[in-house]
Student: 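Next up is a structure, given as structure tokens.
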Number of protein chains: 2
Amino acid sequence: MHAELQIDNQICFRLYSAARLVTQSYTPMLNALGITYPQYLVLMVLWEKDCQPVNDIAHRLLLETNTVTPLLQRMEKQGTIKRKKGEQDKRQHIVSLTEKGKALEQKAYELIPTGMGEQMAACPLKLKDYQNLARELDSIINTLKK
Amino acid sequence: MHAELQIDNQICFRLYSAARLVTQSYTPMLNALGITYPQYLVLMVLWEKDCQPVNDIAHRLLLETNTVTPLLQRMEKQGTIKRKKGEQDKRQHIVSLTEKGKALEQKAYELIPTGMGEQMAACPLKLKDYQNLARELDSIINTLKK
DNA sequence: TAACAATATATCGCACACGATATTATTTTT
DNA sequence: AAAAATAATATCGTGTGCGATATATTGTTA
């Protein structure tokens, strides 16, 4: 038995599990909004800056377009975003929010911070711990992203 | 624009991205072993203790059986594990390593710590940072797991 | 300017995750 | 002990992620 290969010694397994569990804990609130977690990420990107090409959204989320394109297609079908051909560059598809997509921002603001706060209430981490966590994760992300 | 809904302010997005990027950085080594990351997790669980029912593996990985069952079916097809009906409890399926599955431990030990070390070499985090990160992630996991 | 390379997006196939439901065996209750 | 509840696993459908490839448009180069 190699200690290096024990699952409890692995940062990676902790990341994998923590990411899944946190995403799961968003689910009740996101269900109330009728969206999934990756769709919520796309909406956050567009709430911050509307009308972006597919590539910019993908870069922001550190995803490939072969993940983002079908995601956007599903969102368009659900009516939260719309896409139109770029005018200068006809290869681009510019993604923008519909009224429904814009309206979800206020609902998300009402549901999600409160809902997550409740679920994390029992967590012993303090503000400083979350700040450290953010810095550590940013180091890993910056080391590994292309 | 609600600051709470900005993607850069979210621990969740950092977790989601870091988990994907770290898993991606395992991929070259895992490809050399002919397995995927979730399959590697199952193997680590079995390297630690062979012959376990599906439920124990699922609990260990914080996954549901509807994720683990197809994963094990694919692994059985690839010849790294085998399954047999439980003898005391005939509802159970006991999962065990094949010779091929056992042999992968040594290959993993030779490839993975070195390979990950190289990819993380430029990361500014020190041992103490990784220890803090592990503690913080464990707090989140323990708060959210059922 | 015609050929070629690069860019933006899409399509395809496969392997997860996970909610919902089904199936089989065991345990508990009546 | 027969019926009901529970437990262990499997099946099904949908939505990601991602490697590989295709298509359309733009930029570059001989």
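Just so it is clear: chains get the letters A, B, ... in the order the sequence lines come, proteins before strands, and each one is counted from 1. Side chains included, hydrogens not; waters and symmetry mates left out as well; all remaining heavy atoms used.
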Student: Using whole Å, report how far NZ of B:Lys85 lies from C1' of C:dT26.
Tutor: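 Atom-to-atom, B:Lys85 to C:dT26, this comes out as 13 Å.
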Student: What's A:Gln88 touching, base or sugar-phosphate or nothing? Going by heavy atoms closer than 4.0 Å.
Tutor: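 Answer is sugar-phosphate: A:Gln88 comes under 4.0 Å of backbone atoms only.
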Student: Nearest whole Å is fine: how far is D:dA8 P from B:Arg83 CZ?
Tutor: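 Value for this atom pair: 17 Å.
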Student: Between C1' on C:dC16 and CG on B:Asn66, what's the gap in Å once rounded to a whole number?
Tutor: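 Nearest whole value for this atom pair: 11 Å.
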Student: If you assign A:Thr65 and A:Tyr16 each to the DNA chain C nucleotide with the nearest heavy atom, which residue ends up on the more 5' nucleotide?
Tutor: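 Per heavy-atom nearest nucleotide, the more 5' residue is A:Thr65.
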Student: Check this one for me: any side-chain N or O of A:Arg20 less than 4.0 Å away from OP1 or OP2 of C:dC16?
Tutor: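 Result: no.
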Student: Between the base of D:dA7 and the side chain of B:Arg91, is there any donor-acceptor pair under 3.5 Å?
Tutor: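 Indeed there is one.
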Student: On the nucleotide D:dG19, are OP1 or OP2 found under 4.0 Å from the side-chain N or O atoms that B:Gln24 carries?
Tutor: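 No, outside the criterion.
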Student: Considering only side-chain heavy atoms of B:His93, which listed nucleotide, C:dA17, D:dA10, D:dT26, is closest?
Tutor: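 The answer is D:dA10.
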Student: I want to verify a distance call: between C:dC16, C:dA10, D:dT11, whose nearest atom is closest to the B:Pro38 side chain?
Tutor: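 Of the candidates, C:dC16 comes closest.
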Student: Output the rounded distance in Å from CG (B:Leu30) to P (D:dG19).
Tutor: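 Value for this atom pair: 13 Å.
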Student: Using the six-membered ring wherever Trp is involved, compare the ring planes of B:Tyr26 and B:Tyr40 and label them parallel, tilted or perpendicular (cut-offs 30° and 60°).
Tutor: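 Judged by the thresholds at 30° and 60°, the geometry between B:Tyr26 and B:Tyr40 is tilted.
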Student: Let me know the distance between CD of B:Gln92 and P of C:dT23, rounded to the nearest Å.
Tutor: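 Atom-to-atom, B:Gln92 to C:dT23, this comes out as 21 Å.
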Student: A:Leu21 CG to C:dC18 C1': how many Å, rounded?
Tutor: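 About 13 Å, once rounded to whole Å.
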Student: Quick one: is D:dC18 close enough that its OP1 or OP2 comes under 4.0 Å of any side-chain N or O from B:Thr27?
Tutor: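 No.
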Student: I want to check one thing: is the phosphate of D:dT14, taken as OP1 and OP2, less than 4.0 Å away from some side-chain N or O of A:Arg74?
Tutor: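 Checking A:Arg74 against D:dT14: no side-chain N or O falls below 4.0 Å of OP1 or OP2.
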Student: Could you give me the CA-CA distance, side-chain angles and deciding distance for A:Ile11 and B:Val22, then say whether side-chain contact (heavy atoms from CB on, under 4.5 Å) is met?
Tutor: CA-CA 9 Å; A:Ile11 286 287; B:Val22 173; over 6 Å; no
Student: Select from A:Thr36 and A:Glu87 the residue whose nearest nucleotide in DNA chain D is closer to the 5' end of that strand.
Tutor: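 Going by which nucleotide is closer to the 5' end, it is A:Thr36.
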Student: Nearest-Å distance, CG (B:Asp89) to C1' (D:dT9)?
Tutor: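 After rounding, the gap between these two atoms is 11 Å.
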Student: From CG of A:Leu72 over to C1' of D:dG15, roughly how many Å is that when rounded to an integer?
Tutor: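 A:Leu72 atom CG is separated from D:dG15 atom C1' by 14 Å.
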Student: Report yes or no: is the cationic atom of B:Arg14 (NZ for Lys, CZ for Arg) under 6.0 Å from the centre of the six-membered ring of B:Tyr16, at an angle within 45° of the ring normal?
Tutor: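 Relative to the ring axis of B:Tyr16, which defines the angle, B:Arg14 lies outside at least one limit.
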Student: Taking any heavy-atom pair under 4.0 Å as a contact, classify B:Asn55: base, sugar-phosphate, or nothing.
Tutor: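 Sugar-phosphate, no base atom in range.
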Student: Looking only at heavy atoms, which two atoms of B:Leu144 and A:Met120 are closest? And how far apart?
Tutor: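 That closest heavy-atom pairing would be CD2-SD, 3.7 Å.
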Student: side-chain hydrogen bond (donor to acceptor under 3.5 Å, both in side chains), that's the test. Do A:Gln10 and A:Gln6 meet it? Break it down for me.
Tutor: CA-CA 7 Å; A:Gln10 310 259 343; A:Gln6 278 183 274; over 6 Å; no
Student: Just N and O in the side chain of B:Thr69: are any of them under 4.0 Å from OP1 or OP2 of D:dA10?
Tutor: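 Yes, because at least one side-chain N or O of B:Thr69 sits under 4.0 Å from OP1 or OP2 of D:dA10.
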